[in-house]
Protein chains: 2
Amino acid sequence: MPDQKNNYDTRERILDVAERLFMENGYEGTSMRVVTSAAEVNLAAVNYHFGSKEALLCAVFRRRLGWLNGERLRALDVLEEQAGETSPKPSQILEAFFGTLLRMGEDQSLGGMTFLRLLGRTLTEPAGFIRTFFASEYAEVIARYKQALFRALPDVPKAEIVWRLHFMLGAMSYAIAGTDVLQVVTGCELGDLAGESSDVDADDDSALARRLSQRLMPFLLGGLRAPLSLTTPSLTASPASASDGDLQPEI
Amino acid sequence: MPDQKNNYDTRERILDVAERLFMENGYEGTSMRVVTSAAEVNLAAVNYHFGSKEALLCAVFRRRLGWLNGERLRALDVLEEQAGETSPKPSQILEAFFGTLLRMGEDQSLGGMTFLRLLGRTLTEPAGFIRTFFASEYAEVIARYKQALFRALPDVPKAEIVWRLHFMLGAMSYAIAGTDVLQVVTGCELGDLAGESSDVDADDDSALARRLSQRLMPFLLGGLRAPLSLTTPSLTASPASASDGDLQPEI
DNA sequence: CTAACATTAAAACGAACGTTTGAACGATAA
DNA sequence: TTATCGTTCAAACGTTCGTTTTAATGTTAG
């Protein structure tokens, strides 16, 4: 059995390199030989310290998700204590959940954008063991935030809230994972999207994370606040959709 | 050179099986031996008919994306002709872009939910040749729709529109790809989310696509319509975010 | 019939994969 | 010093990968 001595150096170097390479090439697309040679350790080091390639991926995530979801729970505790008998506002709940994650992207010691991108990409990875792992890692924090949103929006059907939580998670994950995938689709460079932002250096991950957060949070709030569709939106092409009348001209 | 005779049977069987297996196990996670044996064709058939595994994936997508993006361009043509000198409404533009895709999920002969899920997952796949392929396949339709939204929302900064288009693409892709990934995260079964919908059989892909569309379109519209954040949203945890005042109580 | 051709079939190719082995190394403690 | 134990190392394990090869199979046209 390992887990005792001065293996910290090798272990952490493997985790850092694996985090980056899994992000760049995917799990199946990253071989142990590439990981170990990039980390400048022996090929057998991963199996010695982690047991297997699957366990390595889980270790990469556990290192970050432990902190993240702990922080999320703590933030929600603070909000609910501040609110007393009442409930925190939906915007505060979203800020606690998504803002905590986006702030990780600004902190290099927490993995920075590398980890955020890896997380976004891995959530769609079909491998079974990954889904099982995420399900257990996320179970508590999702349950807590779902309940908080139910309380904060008592007049909205719970099913609708879950759907929109689902959509918000998707928008965030893609916004992060797709900074170089969908940017190709949208045909824009990062610099073109800076707008009137104060940070101008587009290569800085931290600045990117700040700009992303600045744009994403209003979008998520807008989606969460969208009026309920009481009728089925037109599936035939001809008439305009149901909630058309209240389209605000400013956006 | 191939491409002449009665290979339709083998070719199509390979495409159908590959579409499903790539969706279930990912590109790197699906071997040619599994594809060919599931399609009940010889191992060499893929290389004979398509040339390589990469070319097979591209062929799977070309078969669907050709129709999809053609339909999208046609729908936008109709809208702009109807609008005459004015511009189509943003909600109509979104309906043309996203509704066309979601309607594919209801039609088994167009790939149904299988193709939609594959598309959502592959957009985050890091392999270089896939990104190049998507960039060329999507270039025209994205450019047209971006221009249409610019015209429809002349007072909104173009950078903001591109960001929100990006977010909407993400929300949609995840909503589709994650029906069994993020459903685990949200801890809910599909049946629990049916709500007051008219279709009750949760196993029917077509019904799932309709329900998804019903929920997703209002969310996307709400996100697109969200007020611009003029100030940076609070990155410190303490005060509530900027656009808090106009949070509508009903959602 | 037979020559030409597109397709299928079985078998093998070399390369790369994740993992395991057993010896060597280096620090610590009796 | 010697024994112990965590760690590193080079080498090899057996398997699976995508692709290629060569021969057999039909089907079509002269």
Side-chain angles (χ1 to χ4, degrees), chain A residues 1-61 122 125-130 132-133, chain B residues 1-61 122 125-130 132-133:
Chain A
M1 316 312 183
D3 295 5
Q4 244 118 344
K5 275 281 192 58
N6 67 331
N7 41 4
Y8 300 113
D9 212 37
T10 300
R11 274 185 62 101
E12 294 256 323
R13 235 188 10 262
I14 291 175
L15 287 175
D16 287 339
V17 166
E19 185 170 68
R20 180 174 55 82
L21 291 178
F22 283 151
M23 181 272 284
E24 290 173 353
N25 310 316
Y27 173 71
E28 313 254 24
T30 304
S31 71
M32 316 237 66
R33 284 168 177 82
V34 173
V35 170
T36 51
S37 72
E40 293 177 302
V41 300
N42 189 267
L43 172 59
V46 168
N47 288 281
Y48 174 77
H49 284 285
F50 300 97
S52 69
K53 190 187 178 184
E54 293 193 1
L56 170 61
L57 183 69
C58 291
V60 166
F61 276 109
T122 311
E125 201 104 11
F129 81 97
I130 300 181
T132 310
F133 174 76
Chain B
M1 317 303 184
D3 293 4
Q4 244 118 345
K5 275 280 193 63
N6 67 331
N7 41 4
Y8 301 112
D9 212 37
T10 300
R11 275 185 60 103
E12 294 256 322
R13 242 198 350 272
I14 291 175
L15 287 174
D16 288 339
V17 166
E19 185 171 67
R20 180 175 56 82
L21 291 177
F22 283 150
M23 181 272 284
E24 290 172 356
N25 310 317
Y27 174 72
E28 312 255 23
T30 304
S31 71
M32 316 235 66
R33 283 168 177 83
V34 174
V35 170
T36 51
S37 73
E40 294 178 301
V41 300
N42 189 267
L43 171 59
V46 169
N47 287 282
Y48 175 77
H49 284 284
F50 301 96
S52 69
K53 190 186 178 186
E54 293 193 0
L56 171 61
L57 183 69
C58 291
V60 166
F61 275 108
T122 310
E125 201 105 11
F129 80 97
I130 301 180
T132 310
F133 174 76

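All values reported here derive from a predicted model rather than from experimental measurement. Every chain is numbered from 1, with letters handed out A, B, ... down the list of sequences.
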Would you tabulate the nitrogen or oxygen pairs shorter than 3.5 Å linking the protein to nucleotides 9-15 of chain D?
unit_1  : atom_1 : unit_2 : atom_2 : d
dC9(D)  : OP2    : N42(A) : N      : 3.4
dA10(D) : N7     : N42(A) : ND2    : 3.4

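Under the rule for a side-chain contact (heavy atoms from CB on, under 4.5 Å), the partners of N25(B) that lie at least two apart in sequence or sit in another chain are L21(B), T30(B). Residues meeting the ring pair (Phe, Tyr, Trp, His ring centres under 6.0 Å) test with Y27(B), sequence neighbours left out: F22(B), F129(B).
Between L56(A) and M32(A), some side-chain heavy-atom pair lies under the 4.5 Å cut-off. You'll find the side chain of F61(A) stays beyond 4.5 Å of the side chain of I130(A), heavy atoms only.
Residues in residues 14-23 of chain B take part in these side-chain hydrogen bond (donor to acceptor under 3.5 Å, both in side chains) pairs, two or more places apart or across chains: D16(B)-R63(B), E19(B)-R64(B).
Within a heavy-atom distance below 4.0 Å of DNA chain C, the residues of residues 50-60 of chain A found are S52(A), K53(A).
With the 3.5 Å cutoff on both pairing distances, Watson-Crick and G-U pairs in DNA chain C assemble into runs of at least 3 at C:4-27 with D:4-27.
Using a 4.0 Å cut-off, no side-chain N or O of H49(B) falls inside it from OP1 or OP2 of dA6(C). In terms of phosphate contacts, T10(A) brings no side-chain nitrogen or oxygen within less than 4.0 Å of OP1 or OP2 of dT7(D). Note on S31(B): every side-chain N or O is 4.0 Å or more away from OP1 and OP2 of dT16(D).
Within a 6.0 Å sphere centred on CD of E40(A), heavy atoms belonging to other residues, nucleotides or ligands number 12 at most.
Atom P of nucleotide dG18(C) and atom CD1 of I14(A) are separated by 14 Å, given to the nearest angstrom.
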